[in-house]
Amino acid sequence: SDLRLPVSGELEFDYVSARRAHDLIPLDQGIFDRILLALHRATCTPEDQVWVLRQTSHMVGLTSSQLRELMGALQEDFQRAELFVCFYLRVTDIYNEKVFRVRFASNPGLMKELRHRLGEVTLFPFIQPEQSGFSWDLSVSDERLAASILIYLAARESENFRNLRNPKYVKADGSLDRQFETCGVSRSWEDATKINDSGTFTSAYMCSPQDMQFEKRVHLLEQYTGFTVNATRDEVMWWAALDEAPPDVLEFLEFLVSHFPDIWEPFRLIDDGNGALTLREFEDGMKVLGCEKFKGPGERQRVQNVFRYLDPSGEGEVSKEEWQILDFLWKEMQQSIREFVRFLERVYGEEGQDFLDVAWNEIDDDDSGDITEEEWVQKILDDLKYFGPSDIIFRYLDKDDEGTVSREEFWELEQFRRKPRASTRRSAVSS
């Protein structure tokens with residue numbers, strides 16, 4: 001029936017077109033940096049900043065990394081969500097969308113709201129559905145279609161829908177469907193018209209790299225969203241959210257990045273030469289690597305937790321391809337550090353001294369020579385007005401695991417700067 005509008009009040013809605021802008025060119029990095037600096041220095045409210053960006057969004061193309069950094073210029077998730085809505089369809093490399101989607105990994109409720117606003121199919125993570133959790137109301141046609149896409153993909157990337165983790169169908173009355181519990185997902189659900197039109201379907205998705213069908217994922221993305229993908233598998237920024245990884249995995253990752261130049265050297269050290277790790281090799285490898293992160297009660301269980309995460313196929317071995325998930329997590333950590341250093345460069349790059357020296361003086365304003373994690377998080381947020389993740393940067397810098405970052409540890413950020421220092425040595429500030 002026709003919508004009868006009331007004669008007063010305010011109507012607000014999102015309009016999502018099926019048309020896509022082609023040949024978009026992302027903003028020049030210099031111009032983008034100036035926009036970020038203007039946002040940092042702006043005296044107007046964040047709501048006004050969002051309004052201005054919304055008015056110009058139709059003229060702008062952004063890379064996935066740029067949209068991630070732009071969202072990081074605002075403090076609150078709901079403000080970042082507005083920028084997500086404004087610019088999602090203006091992203092020039094949509095196959096890398098997980099790079100900015102992970103900013104909402106700790107707030108799945110907000111991500112669900114974004115899917116509702118832009119469409120479940122529009123925001124379906126076609127290229128990188130791994131680690132994602134899904135919950136669809138099957139009374140909504142768009143959500144039935146999204147569910148059918150996931151099931152279609154699972155049928156082609158695994159046997160017996162093995163890649164669907166903890167799938168569950170709850171009927172509209174809140175009871176579990178006995179047939180579903182006994183037989184699992186029906187192959188007929190690959191067709192959205194044959195999915196039950198009531199109830200809720202939930203599932204997670206995990207696929208080992210060797211089972212992934214990249215071309216099929218690209219085809220689905222182009223078929224259902226109208227985006228064009230001109231990238232090979234090697235050109236995709238394969239990514240993982242730190243918030244979606246178990247705590248023990250993050251502990252292990254922090255150890256690796258603090259003691260090795262990359263995540264591949266430890267694999268080579270504990271591999272017996274066949275290119276795969278068994279659980280026994282992995283457990284013994286902890287001693288070889290000198291990792292004591294899990295010492296104490298429950299050590300073996302915690303090590304097994306890490307192993308199971310690295311073995312999504314459940315075959316009892318971790319291949320080099322499966323080990324690569326640690327590289328995806330490391331990329332997220334590196335990107336967070338890189339964005340922080342770029343922020344310092346923008347804000348303190350015109351102070352006369354090197355921006356890292358100036359930043360350290362701001363952080364260590366009592367000249368104590370080191371700073372605790374609690375002090376670090378407070379300083380970064382309240383004094384520097386940096387709204388990106390800061391705790392993971394602290395843990396990366398705290399090489400000796402003493403719970404503090406010293407002046408010398410802070411200089412680890414040198415490797416993430418875009419331009420080398422003007423002088424060959426640090427300024428006298430560090431002496």
Side-chain angles (χ1 to χ4, degrees), residues 95 97-99 101-102 105 108 111 124-135 147 149-168 184-185 201-218 220 233-234 236-256 262-264 266-267 270-271 274-283 285-286 294 300-333:
Y95 47 87
E97 55 86 29
K98 191 168 186 177
V99 171
R101 177 161 48 90
V102 297
M111 195 65 227
F124 188 91
F126 291 92
I127 303 300
Q128 298 189 63
E130 288 75 20
Q131 296 181 299
S132 296
F134 303 97
S135 178
I149 293 171
L150 183 70
I151 293 167
Y152 177 90
L153 185 63
R156 280 145 188 82
E157 294 188 334
S158 62
E159 294 181 0
N160 301 319
F161 300 106
R162 186 182 65 244
N163 288 354
L164 296 178
R165 301 300 170 90
N166 302 316
K168 183 173 292 188
V185 177
F201 174 67
T202 60
S203 182
Y205 193 82
M206 291 293 291
C207 180
S208 60
Q210 55 264 39
D211 291 332
M212 183 204 309
Q213 295 193 24
F214 178 72
E215 292 76 14
K216 180 64 66 177
R217 295 183 180 195
V218 169
L220 292 171
R233 178 170 175 165
D234 290 340
V236 172
M237 298 170 67
W238 298 102
W239 218 259
L242 295 172
D243 287 319
E244 292 172 345
D248 289 335
V249 174
L250 295 183
E251 288 273 351
F252 184 56
L253 177 66
E254 288 166 12
F255 168 80
L256 294 182
D262 56 49
I263 58 95
W264 297 110
F267 184 90
I270 60 179
D271 177 27
N274 68 347
L277 303 176
T278 64
L279 177 58
R280 174 61 64 85
E281 283 181 291
F282 188 67
E283 290 174 334
M286 290 293 170
F294 308 116
R300 187 175 185 185
Q301 182 61 51
R302 296 179 68 188
V303 172
Q304 290 177 358
N305 290 342
V306 178
F307 183 85
R308 282 197 294 270
Y309 178 82
L310 297 175
D311 179 31
S313 63
E315 296 175 345
E317 288 187 335
V318 176
S319 66
K320 290 182 68 174
E321 292 81 9
E322 291 171 329
W323 183 267
Q324 194 174 28
I325 184 63
L326 293 172
D327 189 45
F328 301 162
L329 291 167
W330 173 218
K331 287 178 181 177
E332 167 65 15
M333 186 180 290

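With sequence neighbours left out, the ring-ring contact (aromatic ring centres under 6.0 Å, His included) criterion links Y205 to no other residue. Every residue meeting the side chain to side chain donor-acceptor pair (under 3.5 Å) condition with N305, not counting sequence neighbours, appears here in chain and number order: D248, Q301, R308.
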Can you check side chain to side chain contact (heavy atoms under 4.5 Å, CB included) on L150 and F134, steps first, answer last? CA-CA 9 Å; L150 183 70; F134 303 97; 3.8 Å; yes
Check against salt bridge (charged side-chain N to carboxylate O under 4.0 Å, His left out), D271 and K320: CA-CA 10 Å; D271 177 27; K320 290 182 68 174; over 6 Å; no
Quiz item: Could you walk me through whether V218 and Y95 pass the side chain to side chain contact (heavy atoms under 4.5 Å, CB included) check?
Solution: CA-CA 8 Å; V218 169; Y95 47 87; over 6 Å; no
Please test V102 against L242 for side chain to side chain contact (heavy atoms under 4.5 Å, CB included), starting from the C-alpha separation and ending with a verdict. CA-CA 8 Å; V102 297; L242 295 172; over 6 Å; no
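Residues E317 and T278 have side chains in contact (heavy-atom distance under 4.5 Å, counting atoms from C-beta outward). Inter-residue side-chain proximity for W330 and L256 is flagged as unmet; no heavy-atom pair is nearer than 4.5 Å. Between M333 and L329, every side-chain heavy-atom pair lies at or beyond the 4.5 Å cut-off. At a threshold of 4.5 Å between non-hydrogen side-chain atoms, the residues F294 and R300 do not count as touching. Annotation: side chain of K216 is not in contact with side chain of E157 (no heavy-atom distance under 4.5 Å). In this structure, L310 and L277 have side chains that are not in contact, with every pair of non-hydrogen atoms separated by 4.5 Å or more.
Side-chain N or O atoms of R165 include one that pairs as donor or acceptor with a backbone N or O of R162 at under 3.5 Å. Q213 places a side-chain N or O within donor-acceptor distance of the main-chain N or O of R156, the cut-off being under 3.5 Å. Counting only distance, with no hydrogens or angles, the side chain of W238 and the backbone of D327 share no donor-acceptor pair below 3.5 Å.
In this structure, CE on M286 lies 10.0 Å from CZ on R302, to the nearest 0.5 angstrom. Here the CG atom belonging to D311 is positioned 12.0 Å from the CD atom belonging to Q304, to the nearest 0.5 angstrom. Between the CG atom of L164 and the CG atom of L153 there is a distance of 9.0 Å, given to the nearest 0.5 Å. With values rounded to the nearest 0.5 angstrom, E281 atom CD is found 9.0 Å from F307 atom CZ. We find the CH2-CD1 distance between W239 and I127 to be 16.0 Å, quoted to the nearest 0.5 Å. Of the inter-residue distances, the one linking F126 atom CZ with L220 atom CG reads 6.5 Å to the nearest 0.5 angstrom.
Ring planes of W264 and F267: perpendicular class, angle over 60° (limits at 30 and 60°).
Among residues at least two apart or in separate chains, side chain to side chain donor-acceptor pair (under 3.5 Å) pairs with a member in residues 124-135 are K98-Q131, R101-S132, E130-R217, Q131-Y309.
Counting heavy atoms of neighbouring residues, nucleotides and ligands inside a 6.0 Å radius, atom CG of N166 does not exceed 12 of them. Within 6.0 Å of CD on E159 lie no more than 12 heavy atoms contributed by other residues, nucleotides or ligands. Applying the 6.0 Å contact sphere to CG of N160 captures no more than 12 heavy atoms from other residues, nucleotides or ligands.
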